[in-house]
Amino acid sequence: MAIRVIQLGTPRSHGEGLRLGTVRRPPRGVPKTEHASRDIYDVWLPDLAPSEELVKVALLSLGCYCEDDARCHRSVLKALLLEHGARLE
């Protein structure tokens, strides 16, 4: 099974499957009932997001809503997955 690392809120790819949200907080102004229909996420896993302390120390805007994954924790997640043998798309 391949894992795809994406920006939340972008249109889903054909056959993408379950979308996991790895952000500390849900999107503002979006009802929980609309997270999946708006292509945000199907399941929210905030424990996989950077901690509040890490965000404060790093002085970066970390989150999966970022357009540039090089400046987002998605790049760290991607590197960790590759390091542990994951097959990414």
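Sequence positions, counted from 1, serve as the residue numbers for this chain. Bear in mind that the values here come from a model prediction, so they are computed numbers and not experimental data.
- Closest non-hydrogen pair, R19 versus I40, comes out as CD-O, 3.1 Å.
- Counting all heavy atoms, side chain and backbone alike, E16 lies closest to R12 at OE1-CA, 3.3 Å.
- Counting heavy atoms from C-beta on, the side chains of L8 and H35 never come closer than 4.5 Å.
- Q7 CD to D39 CG: the interatomic distance, rounded to the nearest 0.5 Å, is 11.5 Å.
- The line from CG of D42 to CG of L18 is 5.0 Å long, rounded to the nearest 0.5 Å.
- The same ILVMFWY cluster, assembled from side-chain heavy atoms under 4.5 Å apart, contains both V30 and Y41.
- L48 and V43 fall within the same hydrophobic cluster, where Ile, Leu, Val, Met, Phe, Trp and Tyr residues are linked whenever their side-chain heavy atoms come under 4.5 Å apart, directly or through other members.
- Side-chain N or O atoms of R24 include one that pairs as donor or acceptor with a backbone N or O of A49 at under 3.5 Å.
- Clustering ILVMFWY residues whenever any of their side-chain heavy atoms sit less than 4.5 angstrom apart, transitively, puts L20 in a cluster other than the one holding W44.
- Separation of atoms CD1 (I6) and NZ (K78) is listed at 11.0 Å; rounding is to 0.5 Å.
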